[in-house]
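What's counted below: heavy atoms across the whole structure, side chains too, no hydrogens, waters or symmetry copies. Letters A, B, ... are given to chains in the order of the sequence lines, protein chains preceding strands, and every chain is numbered from 1.
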There are 2 protein chains.
Amino acid sequence: MATLKDVARLAGVSVKTVSNVVNGYSFVKPDNRRRVEEALEATGYRPNLGARNLRRGRTGSIALVLPELSIPYFAELAGLVIAAAQEHEWNVLIEQTFGTLSGERSALASLGPHLVDAAILSPEALHVDDFQLSVPSVLLGEHAVDVPISRVGIDNVAAARVAVRHLISLGRKRIAAIGAHPQRGTAALRLEGYRSALEEAGLPFLDELVVTALNYHRADGAAAMKSLLDLRNPPDAVFCFNDLLAIGAMRAATERFVRVPADLAVVGFDNNEESVYSSPSLTSVAPDKGAIARAAVDLLHRQTSSPALEHVETPFSLLVRESTVAR
Amino acid sequence: MATLKDVARLAGVSVKTVSNVVNGYSFVKPDNRRRVEEALEATGYRPNLGARNLRRGRTGSIALVLPELSIPYFAELAGLVIAAAQEHEWNVLIEQTFGTLSGERSALASLGPHLVDAAILSPEALHVDDFQLSVPSVLLGEHAVDVPISRVGIDNVAAARVAVRHLISLGRKRIAAIGAHPQRGTAALRLEGYRSALEEAGLPFLDELVVTALNYHRADGAAAMKSLLDLRNPPDAVFCFNDLLAIGAMRAATERFVRVPADLAVVGFDNNEESVYSSPSLTSVAPDKGAIARAAVDLLHRQTSSPALEHVETPFSLLVRESTVAR
DNA sequence: GTGAAAGCGCTAACAG
DNA sequence: CTGTTAGCGCTTTCAC
């Protein structure tokens, strides 16, 4: 690999001049600029990012800490974060925590100014006192933990309310919720939205219709749905706190010959691509993932120069499909 | 951040000694070792990987070039590659090409010794002469292009044959294939397996039953299935070259009131998690993704020290589910 | 066994 | 406008 020095020698100038050209510094004598550009071309010079970053005191990377790439929501988000980070010449290091406390702790511990310039975090189990961050960070989604860290996400209460209102508008009376969770902040907010929608419609909030899910995988949704169908008086609709739970719930309903949406209307959350092609297709709350990714990365970029605490609220919409309204 | 020098000063030794301790060099006077370890602890020293890599002439990263993270197969694979790379202290830089020739070319062009130590490639459109790789690389899957680059993947011909044999064993006579592709090497191999399974069973290979798919998304599978159902004599089974195509195909069948598996048996390829919970669940060829990820990373690790050309064949299995055998 | 010092490739004062 | 030079934090000869 050609180095700056090689290029300088070939062009008959100093490394400084080459560096100036490479970095787009304006004041270079036209004649020198031309010679340097030719030498650059001839050598096929590519800057050594490692050296540049060392010198500049940055790492050139940001961390994206998430539960698991095999969860479609995070996979889609990761793709968008990578694209957004490219704009700022950042590489994205993905760390998977598998949603466990120990996984999240060790991910946070590994973070540091020596490794990444900043971090995007999507924690599920962390406690308040775990947040001893050594780099500018942003939290995805809202959380119960009240820590002074910037956040990006949608209004979960409002989104859940929209979802449940939709079910109510369909004439459903016994609307269940799957995904309550003792620790997760977003779960608490979605439950809050669910409760308030019922309330404004004069429907009772029934404990038996709220199912806790310790994980948000398809299997958890199926298990939760089974328990709801075992009720002496099963629900006629269910609001699932993410699409995977909803997919699992629909699967369980189908196995019991419960028809969706005729007997049971289902709404999910996240709008995974998978939900468009499921049978029936799934009505879902669709956060603007692109907006989330861009907001998070841009916010970090700002914070690396001037620290500040920001909360960005991104838009969402409800996409109505066959799981609530038959074609 | 504490540097080696800080630690050395605190411990009252030279940086060399500290470096020796940090890197696990054996011959350090016990007394010095203890002092250094205390200083390490006291300062919370963490090596600056950027500096270390610069000095060692490596980047500490490998590239994973794939079409798109929102495709479940690649998302799952990426998670596994990240885990495998950690064993060798490698970070994984994910580059998305979106399956386009230009995307793949620019990804390859950006690769280089200054950026990554090695690369795992999953190209779809590249031509032979595009493969001017400047770092040790491994190709995922088999390809038509005959280039001297190491490969890791399953035996696609055999896998396709197993899938189609399964359909034949069910008594299906008009077995279609979705996913033929003029360029993709893996598509050619799967088609070859399909053809040979028909042949050994004495079934005719019919052009009208082979549908080309330029992309392998759910929508492409749905479109292909529709065209097959429009045939005067539609198929009674279909082998899809990946699970997304199969999910789309099942969706299209359902929309036309074609029952799966009664009227139409469906087999996919990749064994996405999604396929376990679809209705009906999808029979699929399951490559051992963990084995692929590990083999690819280990192979690269070997190649960074001693270049060699290797082809690793990883195992697969056929997981039979409801799309071919009703419960 | 350990210290001094060079240097990986780059940027940025600082001169000139 | 451009050359010289120091040094980012680390590893690694080379002496001692």
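Separating the CG atom of A:Asn48 from the C1' atom of D:dC8 is a distance of 13 Å, rounded to the nearest angstrom. Rounded to an integer number of Å, the gap from B:Lys29 NZ to D:dC16 C1' is 13 Å. The distance between atom OH of B:Tyr25 and atom C1' of D:dC10, rounded to the nearest whole Å, is 17 Å. Regarding B:Tyr45, its OH atom lies at a distance of 7 Å from the C1' atom of D:dC10, rounded to whole Å. Protein atom CG of A:Asn53 is 15 Å distant from nucleotide atom C1' of D:dC10, rounded to whole Å. Computed from coordinates, the A:Lys5 NZ to D:dT5 P distance equals 13 Å when rounded to whole Å. In this structure, B:Glu89 atom CD and D:dT11 atom P are separated by 11 Å, rounded to whole Å.
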(request) Could you please spell out the steps behind the side-chain hydrogen bond (donor to acceptor under 3.5 Å, both in side chains) verdict for B:Asn53 and B:Thr59? (result) CA-CA 5 Å; B:Asn53 289 331; B:Thr59 67; over 6 Å; no
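Ring orientation note: the planes of A:His301 and A:His88 are close to parallel, at an angle under 30° on the 30°/60° scale. The aromatic rings of A:His181 and A:Tyr216 sit perpendicular, their planes meeting at an angle over 60°, well past the 30° parallel limit.
B:Ser19 comes within 4.0 angstrom of a base, heavy atoms only.
Contacts between residues 10-18 of chain B and DNA chain D, defined by a heavy-atom separation under 4.0 Å, are made by B:Lys16.
When each of A:His311, A:Arg302, A:Gln303 is paired with A:Ser150, the side chain to side chain donor-acceptor pair (under 3.5 Å) condition holds for A:Gln303 and for no other.
Formation of a donor-acceptor pair under 3.5 Å by the B:Asn23 side chain with backbone atoms of B:Asn20 is not found in this model. B:Asn215 places no side-chain N or O within donor-acceptor distance of the main-chain N or O of B:His217, the cut-off being under 3.5 Å. With hydrogens and angles ignored, the 3.5 Å screen pairs no side-chain donor or acceptor of B:Lys289 with any backbone N or O of B:Phe74.
Listed pair A:Asn20 / D:dT2 fails the phosphate criterion, with no side-chain N or O lying under 4.0 Å from OP1 or OP2. Proximity of B:Asn23 to the phosphate of D:dT11: a side-chain N or O atom is located under 4.0 Å from OP1 or OP2. An OP1 or OP2 oxygen of D:dG9 is reached within less than 4.0 angstrom by no side-chain nitrogen or oxygen of B:Arg52.
When the nearest nucleotides of DNA chain C are assigned to B:Val28 and B:Arg56 by heavy-atom distance, the more 5′-ward of the two goes with B:Val28.
Where DNA chain C meets chain A (any atom under 4.0 Å from a heavy atom), the bounding nucleotides read 5' to 3' are C:dG9 to C:dA13.
The pair B:Arg35-B:Asp31 meets the salt-bridge criterion, since a charged nitrogen lies less than 4.0 angstrom from a carboxylate oxygen. By the 4.0 Å N-to-carboxylate-O rule, B:Arg151 lies too far from B:Glu310 to be salt-bridged with it.
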